[in-house]
Amino acid sequence: MSGGVDSSVTAALLMQQGYDVTGVYMKNWSQDLPGMACPWKQDYQDAKRVAVQLGIPFKLYDFEKQYREKVVEYMIDEYQAGRTPNPDIMCNQEVKFKLFLHAALADGADLIATGHYARIVRGASSSSSRPAGVSPKWSPRTIQRDYRLDGQFSARERSGGAGGAAALIGLNAETEHSLRSGVLSPHPSPSVLSAPGGPQGVPLQVRSGKHTELHAGVDVNKDQSYFLCRVTEDALQKSLMPIGEYTKPEVRELARKFGLYTAEKKDSQGICFVGNVGIKEFLQQFVTSRAGRIIDQHGKVLGEHDGALFYTIGQRQGLGIGGGLPYYVVGKNIDKNEVYVTNDLQDSRLWHDELTLTSPHWINEPPCAESPEGRYAVRTRYRAPLLGVKQIRQLENGNWHLVLAEEVRALTAGQSAVLYEDDRVVGSGIVI
RNA sequence: GGGCCCAUAGCUCAGUCGGUUAGAGCAGCGGCCUUUUAAGCCGCGUGUCCUGGGUUCGAAUCCCAGUGGGCCCU
């Protein structure tokens, strides 16, 4: 439990569904930064307060050292190499769905849960049997909502269930933002275990196949499946993301109905766990930088920047150069410490219709190269538009090459390109 | 040496047949959106209108001189 609304509601929903829940706050960062005091204590308090309201055990898992090593150092190294990493994807891959999961299991939990706006679909038959060429729209909801807060479980039991696994949940927390994950508790309640389809309320989605898939959240605006693109299927099998079935407004409403202390707490933002601090200000605490030149599409020096590593492709603000049309970063040279910009929105360096991915990670199985155009769609930045994939194939060196049906703006090395088949996350790779 | 053009907000400029509190875009700042980085949206302009004189009820707008740029011609 992070101390935010999402993980609070996650815990409440799981309780309502009959799980034996234990709340867990993940302490991954506690250092204050210039201009921003680390909110971890406040978040911890909020999470604990909700746990008390729910009457569930509450714990704190400390991963500061590992978070620093796996996420912060990775982020710093990437920026110094001239790329733009996504620390939250790394956090999910290395911390939440690895360290936290293992710690929770070792602690006796059967499952963990997080407050992500994404859905885990169990027993799916996987993409191989799906019709190709489906339109890239999210599939309709298949879940029934049950806002009952009286603590009673619906008498109805669902069938078809495989997921009946059992378990429990906790939620983790972090600093401001986000996260919401959970730990499970050691002793799943019998009632839960006996229910074929899992607890009621928002039951596990189950299909006839054998795969456990990751799908986009029901709320298209809040969907966070992008950040979970590097989580393994094994980890998903032991995870629950109950709020993925709801929209943010619904989650807020649930929080109010449950009377949760965090019902009206403002959403946090920024680097997960670290807080709402500017990326540049954050990096400046760990790296030294020097001024360099800003050069336009004609080779003209327009001004100076304070370190090429701080800029990312497509960036507009922070350049400090004016005069006519806005300028956007289209490239940079770390060795020369130069940043290249253009004020021509049609500049070819700002648009690409193909991309190459390294470090591929497929959740269930690799994409099928013989797929017809339109079967897959890709997203190259969080909240960026989903673009149709015309062609996808693996290269000799193991990397993957995609040809898009339309141009993508500001393709940026280091960012994750997440492949979707309908609303299912196939996997992702790092843009090079 | 001569002729012409320009000099207005940090930047690029509009406004100059004289007349409300001098405007726009970009940048910057603030906010919204957002668990990365961006983008996008909304809001914010307190400037010696190059300087010094002059004309006028009144000048960024007219005149003179100067300074600083640019172009052209012998």
Side-chain angles (χ1 to χ4, degrees), chain A residues 2-7 26 28-29 39 43 71-72 74-76 78-79 82-93 95-96 114-118 172-181 217 219-230 241 243 248 265-283 294 296 300-305 309-330 332 341-343 345 350-351 379-385 408-418 428 430-431:
Chain A
S2 67
V5 214
D6 298 335
S7 59
M26 281 176 65
N28 291 335
W29 188 266
D43 290 336
V71 181
V72 178
Y74 150 77
M75 179 170 72
I76 294 171
E78 285 291 290
Y79 270 108
R83 291 184 289 269
T84 303
N86 188 312
D88 288 354
I89 286 178
M90 185 57 81
C91 177
N92 285 324
Q93 176 187 320
V95 182
K96 295 174 199 165
T114 65
H116 283 105
Y117 283 88
N172 91 38
E174 303 151 344
T175 58
E176 267 210 346
H177 343 54
S178 8
L179 283 208
R180 336 115 188 197
S181 28
D219 187 333
V220 178
N221 183 53
K222 289 293 297 184
D223 173 41
Q224 296 171 325
S225 59
Y226 178 86
F227 295 106
L228 301 168
C229 65
R230 298 189 76 82
M241 296 177 188
I243 66 169
K248 182 72 185 193
K265 183 174 177 179
K266 188 176 185 302
D267 284 3
S268 58
Q269 49 187 326
I271 304 169
C272 186
F273 294 97
V274 175
N276 187 20
V277 61
I279 192 68
K280 184 172 178 178
E281 289 61 47
F282 183 78
L283 289 173
I294 296 178
D296 75 4
K300 183 180 179 184
V301 177
L302 297 182
E304 281 201 333
H305 62 250
L309 80 162
F310 299 128
Y311 299 83
T312 188
I313 309 304
Q315 180 172 344
R316 169 177 172 173
Q317 294 185 66
L319 291 167
I321 50 179
L325 300 170
Y327 283 89
Y328 296 89
V329 174
V330 291
K332 52 184 186 176
V341 302
T342 185
N343 61 357
L345 281 177
L350 201 52
W351 302 90
R379 170 169 285 154
T380 58
R381 285 196 181 216
Y382 173 54
R383 288 183 122 246
V408 54
R409 176 182 178 284
L411 186 64
T412 305
Q415 286 287 290
S416 285
V418 179
S428 69
I430 306 297
V431 176

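Protein chains get the first letters and strands the later ones, always in sequence-line order, with residue 1 at the start of each. Only heavy atoms go into these numbers, but all of them, side chains included; no hydrogens, no water, no symmetry mates.
A salt bridge does not link A:Asp223 to A:Arg383: none of the charged side-chain nitrogens sits closer than 4.0 Å to a carboxylate oxygen. The existence of a salt bridge linking A:Lys265 and A:Asp6 is excluded, since no basic side-chain nitrogen approaches an acidic carboxylate oxygen closer than 4.0 Å.
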Mind listing the N/O atom pairs, protein and nucleotides 38-42 of chain B, below 3.5 Å?
residue: B:rA38; atom: O2'; partner: A:Gly314; partner atom: O; Å: 3.2
residue: B:rA38; atom: O2'; partner: A:Gln315; partner atom: N; Å: 3.3
residue: B:rA39; atom: OP1; partner: A:Arg316; partner atom: N; Å: 2.5
residue: B:rA39; atom: OP1; partner: A:Gln317; partner atom: N; Å: 2.6
residue: B:rG40; atom: OP1; partner: A:Arg316; partner atom: NH1; Å: 3.0
residue: B:rG40; atom: OP1; partner: A:Tyr328; partner atom: OH; Å: 2.5
residue: B:rG40; atom: OP2; partner: A:Arg316; partner atom: NH1; Å: 3.2

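Put simply, CD on A:Gln93 is 17 Å from C1' on B:rU35, counting in whole angstrom units. Rounded to an integer number of Å, the gap from CH2 of A:Trp29 to C1' of B:rU35 is 16 Å. Atom P of nucleotide B:rU36 and atom CD1 of A:Ile76 are separated by 18 Å, given to the nearest angstrom.
Scanning both residues, A:Ile243 and A:His116, for their nearest heavy atoms gives CG1-O, 3.5 Å.
Residue A:Tyr311 is out of contact with every strand shown, counting any heavy-atom pair closer than 4.0 Å.
Look at B:rU67: its Watson-Crick or wobble partner, with both distances under 3.5 angstrom, is B:rA7.
Using atom C1' as the reference point in both B:rG69 and B:rG58, the two lie 32 Å apart (nearest Å). Across B:rU55 and B:rG31, the matching C1' atoms stand 50 Å from one another, rounded to whole Å.
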Legend entry - Protein proximity profile, nucleotides 5-10 of chain B - base contact B, sugar-phosphate-only contact S, no contact -, cut-off 4.0 Å on heavy atoms: -----B
